[in-house]
Amino acid sequence: MTSRFIHRIDHALERMLPEQRLFLRSDSETRFIRLSPATQFIAFAGSALVVGWAMVATAVLLMDNVGAGNLRDQAQREQSLYEERLNALALERDNRATEAQAAQERFNLALAEVSKMQSALLASEDRRKELETGIEVIQTTLRSVMAERDEARAETARLAAALDDDTGPERRVAARATNAEAALGFLSAALEQTARERDQALADAAAAYELAEALAYEQRLTGERNDRIFTQLEEALAVSVEPLDKMFRAAGLKPDSLIEAVRKGYSGIGGPLTPLSLSTKGTEPHPDEMRSAGLISRLDRLNMYRMAAEKAPFATPLKSSFRFTSPFGMRSHPTSGRYRMHEGADFASDYGTPIYATADGVVTKAGWVSGYGRMVEIRHEFGIETLYGHMAKLRVTEGQRVSRGDRIGDMGSSGRSTGTHLHYEVRVSGTPVNPMTYIKAARDVF
């Protein structure tokens with residue numbers, strides 16, 4: 001049956017592939033090999049398959065090389081764009097920091113100017129009181145001198161009348177005339193002295209009035225300067241406080257609650273400045289005093305904002321260049337391949353890159369934790385915690401108090417990790433939140 005089937009195949013292929021014989025001749029004999037149509041067909045088919053397979057494999061390799069080259073080029077372009085964006089963000093951050101420092105310096109200068117103006121106002125007030133006292137003394141003296149002058153004139157008139165009515169002996173008349181002349185001379189001298197003192201008193205009073213007018217004019221100028229200074233301070237405070245308020249709200253934190261928490265943790269009003277004392281004379285406070293009290297209150301709020309910002313993680317854990325490799329949220333796990341929640345953000349950089357604390361706090365964990373490798377956990381104010389995983393080396397211990405910017409470890413690949421990177425988490429009341437929310441909120445402030 002099999003031989004008959006093969007014979008039929010040979011007969012069908014014989015038209016296209018006639019039977020061929022391959023002769024092998026030697027010195028003593030001649031032999032040949034018979035190549036049937038089926039054998040030729042199998043040989044041709046095998047050769048065609050081998051050639052086709054080689055062509056397909058070559059095409060696949062070429063396509064893979066071209067695709068890999070395109071992917072590498074695209075990855076390099078994306079990396080260069082990302083690095084340019086990071087450089088631009090770093091430059092913008094530095095510009096914002098420079099502007100904030102310049103605003104702080106302008107504020108300090110304005111505050112010193114306000115202090116000088118207040119001292120000048122107090123000194124001018126003291127001089128005004130002294131001038132008022134001097135004018136009162138001069139007026140009192142002038143009135144007493146004028147009264148003495150009037151009495152002297154009355155006494156002169158009385159003596160002159162007595163001389164006119166005297167009818168005694170000539171000696172007594174001469175004596176009385178001599179005494180009258182002496183009295184008249186004394187009174188004339190007294191009157192001249194009184195007139196000079198009166199003229200001097202009038203000149204002193206005129207000078208005092210001129211000085212009082214000059215002091216009043218100077219006080220008006222000082223008031224105008226104070227008004228400009230207060231206006232500049234109020235504008236500077238408005239510009240300084242508004243970005244901080246937006247930063248806290250963007251991070252999901254209530255500014256009023258933060259300020260109340262900071263106020264409870266500090267004695268007094270929470271700031272280094274002393275409020276201006278209001279008037280105790282029973283009169284209404286001066287408008288400048290009210291504006292100063294308002295500025296002190298807003299400065300206190302700005303100071304508490306600053307303290308709150310230092311206690312919340314409004315910073316990036318890396319100061320060197322890095323690559324953002326994995327965001328917060330659901331993702332395919334890099335080692336297990338399962339789709340699960342990623343409770344932090346990953347930053348990749350060189351092995352040993354310094355890692356810094358993002359806010360003031362206390363180290364609650366510093367050691368090996370399953371999955372995280374070498375890990376540091378820091379407890380901050382307002383129920384916030386930060387976690388730093390996969391480190392190569394730890395530089396803090398449990399219970400240690402750290403400040404923002406303190407180095408806490410080096411980047412590595414310990415624990416469940418596919419390469420050198422930092423796993424950074426932020427938790428609020430134990431619940432993981434997106435760390436980029438805090439980093440983006442502080443981007444326009446710090």
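In this text the structure is predicted, and so the values were computed from the model without any measurement.
Contact of the D410 side chain with the R395 side chain is registered, since non-hydrogen atoms from C-beta on lie closer than 4.5 Å. Looking only at side-chain heavy atoms (C-beta outward), V428 and Y438 come within less than 4.5 Å of each other. Y372 has its side chain within reach of E425: a pair of non-hydrogen atoms, C-beta onward, lies under 4.5 Å apart. At least one side-chain heavy atom of T358 sits under 4.5 Å from a side-chain heavy atom of Y388. Side chains of F324 and M436 form a contact here, defined as non-hydrogen atoms less than 4.5 Å apart. The shortest side-chain heavy-atom distance between I378 and V362 does not fall under the 4.5 Å cut-off.
Side chain of R427 to main chain of G383: no donor-acceptor pair is present (N/O by atom type, distance under 3.5 Å, no hydrogens or angles). Proximity of a side-chain donor or acceptor of S414 to a complementary backbone N or O of M391 within less than 3.5 Å is detected. Panel note: side chain S80, backbone R77; a donor-acceptor pair is recorded below 3.5 Å. Without hydrogens or angle criteria, T364 side chain to E377 main chain gives a donor-acceptor distance under 3.5 Å. Within the 3.5 Å criterion, the main-chain N or O of S321 finds a donor-acceptor partner in the side chain of S349.
Taken from OG1 in T431 to CD in E385, the straight-line distance is 10.5 Å, to the nearest 0.5 Å. From L422, atom CG reaches atom CE of M411 across 5.0 Å, with rounding to the nearest 0.5 Å. Considering CD1 of I408 and CG of L394, their distance stands at 8.5 Å, rounded to 0.5 Å.
Around the CE atom of M55, the shell of radius 6.0 Å holds no more than 12 heavy atoms that belong to other residues, nucleotides or ligands. Residue R407 qualifies as enclosed at atom CZ: its count of foreign heavy atoms under 6.0 Å is above 12.
Closest non-hydrogen pair, S413 versus T418, comes out as OG-C, 4.4 Å. The two residues F347 and P317 make their nearest non-hydrogen contact at CE1-CG, 4.4 Å. Closest non-hydrogen pair, D360 versus H380, comes out as O-ND1, 2.7 Å. Pairing each heavy atom of F328 with each of H342, the nearest pair is CD1-O, 3.5 Å. Closest of all the heavy-atom pairs between A392 and Y351 is CB-OH, 3.3 Å. Considering every non-hydrogen atom in both A312 and I384, the closest pair reads CB-CD1, 4.4 Å.
Between H390 and H423, the ring-plane angle classifies as perpendicular under the 30° and 60° cut-offs.
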